[in-house]
Amino acid sequence: MAGAAGCAGRRARGVTRVAWQVDSPQLAGRVALITGGAHRIGKALTLALARAGMRVAVHYHDAAQEADDLIGELRSTSRDAIAFCADLSRPEAPSELISAVTHQFGALDLLVNSAAMMRRTPIGKVSTDEWDAIFALNVRAPFFMCQAARPWLARNHGSVVNIADLAAFETWPAYVPHSISKAGVVQMTRALAHALAPEIRVNAVAPGAVLLPEGWDSGAAEHLINTTPLRRLGSPSDVADAVLYLASSAYVTGETIIVDGGRHVRT
């Protein structure tokens, strides 16, 4: 996994031991890889899957300190958790990451594609470099992660959960490339659910306002609350609940669960 400045000189980090009660017997002892799993929503997913008893591989790129802190938080558990650094915008990185994870754990049962970028790109100011960067991380990387993970997931009838976005279903004028990329994640989920069946289930979760982008002010938060039918913001734990359901439900595939407080049903 060498070749990215954010990963230079870094190796898989710390086997952890966490003394949590196992919440999900059907997931206990299985191996999950969460991309972008060291901070924000990805961190919530990592913690939820670890509490469910899974052995977790935590991918990060620039979030080295967050990865260290998360591994420290998980230390004292009886489940394994190891952090892996990789720049998934590199074409070779998905297969390298899968190889590193499976070498360490000897298995892979759940792939959660959470790593992504959300960049404000007003029309008229979008560059080809920005477009390519967004699609490389948001669409290309999850696809090739799935392709590389396929043999491992198929062995134990594992599953994939892609993290999409409400932007796949709404029009956000200042985030058009991001919205298109997340719509691509939804369609990719449907296509892979068909292509990888019956051995592997593929689903997605599309969060709405569960964690505001950094730099948003209280006025923006108030607007989101007022335009959400449930009249409140969600939390990363709401997304984690949906991921846990999809990871443990044996007869759901090709589905995208929208976790947005009802924003997508507004008339």
Donor-acceptor contact below 3.5 Å, side chain [X] vs main chain [Y]:
{"X": "His59", "Y": "Gly36", "value": "yes"}
{"X": "Asn226", "Y": "Glu222", "value": "yes"}
{"X": "Thr35", "Y": "Ser114", "value": "yes"}
{"X": "Ser249", "Y": "Tyr245", "value": "no"}
{"X": "Ser179", "Y": "Thr171", "value": "no"}
{"X": "Asp260", "Y": "Arg263", "value": "yes"}
{"X": "Asn138", "Y": "Met117", "value": "yes"}
{"X": "Arg231", "Y": "Thr228", "value": "yes"}
{"X": "Asn162", "Y": "Ala164", "value": "no"}
{"X": "Arg201", "Y": "Val252", "value": "yes"}

Using a 4.5 Å cut-off on heavy atoms from C-beta on, say whether the side chain of [Y] contacts that of [X].
{"X": "Val56", "Y": "Ile34", "value": "yes"}
{"X": "Leu97", "Y": "Leu33", "value": "yes"}
{"X": "Leu70", "Y": "Tyr60", "value": "no"}
{"X": "Ile163", "Y": "Val112", "value": "yes"}
{"X": "Gln104", "Y": "Phe84", "value": "yes"}
{"X": "Cys146", "Y": "Asn113", "value": "yes"}
{"X": "Met54", "Y": "Val31", "value": "no"}
{"X": "Ser235", "Y": "Val210", "value": "no"}

Check step by step if side chain to side chain contact (heavy atoms under 4.5 Å, CB included) holds for Met145 and Leu88.
CA-CA 9 Å; Met145 288 292 296; Leu88 293 180; 4.1 Å; yes
Rounding to 0.5 Å, atoms CG (Leu153) and CG (Leu196) come to a distance of 8.5 Å
What's the separation between atom CG in Asn156 and atom CG in Leu110, rounded to the nearest 0.5 Å?
12.0 Å
Checking side chain to side chain contact (heavy atoms under 4.5 Å, CB included) for the pair Asp165/Trp172: CA distance, chi angles, key distance, verdict?
CA-CA 11 Å; Asp165 196 305; Trp172 296 0; 3.3 Å; yes
Let me check something: do Val265 and Leu230 share a hydrophobic cluster, defined by ILVMFWY side-chain heavy atoms less than 4.5 Å apart, either directly or through other members?
no
Kindly indicate, with the supporting measurements, whether the criterion side chain to side chain contact (heavy atoms under 4.5 Å, CB included) is fulfilled by Phe135 and Arg140.
CA-CA 6 Å; Phe135 276 78; Arg140 188 183 72 196; over 6 Å; no
Could you tell me whether [X] and [Y] make a salt bridge, using a distance below 4.0 angstrom between a side-chain N and a carboxylate O?
{"X": "Asp109", "Y": "Arg30", "result": "yes"}
{"X": "Glu73", "Y": "Lys43", "result": "yes"}
{"X": "Glu255", "Y": "Arg190", "result": "no"}

Kindly indicate, with the supporting measurements, whether the criterion side chain to side chain contact (heavy atoms under 4.5 Å, CB included) is fulfilled by Trp131 and Thr121.
CA-CA 9 Å; Trp131 177 278; Thr121 49; over 6 Å; no
Nearest heavy-atom neighbours spanning [X] and [Y]:
{"X": "Gly37", "Y": "Thr46", "result": "O-OG1, 2.8 Å"}
{"X": "Ala81", "Y": "Ile71", "result": "O-CD1, 3.8 Å"}
{"X": "Val259", "Y": "Ala242", "result": "CG2-CB, 3.9 Å"}
{"X": "Ser159", "Y": "Leu246", "result": "OG-O, 4.5 Å"}
{"X": "Leu137", "Y": "Ser89", "result": "CD1-N, 4.5 Å"}
{"X": "Arg155", "Y": "Pro151", "result": "CG-O, 3.2 Å"}

Report yes or no: is the cationic atom of Arg150 (NZ for Lys, CZ for Arg) under 6.0 Å from the centre of the six-membered ring of Trp152, at an angle within 45° of the ring normal?
no
In sequence, state the C-alpha distance, the side-chain angles, and the governing distance for Asp129 and Ser127, and then conclude on side-chain hydrogen bond (donor to acceptor under 3.5 Å, both in side chains).
CA-CA 5 Å; Asp129 286 345; Ser127 69; 5.3 Å; no
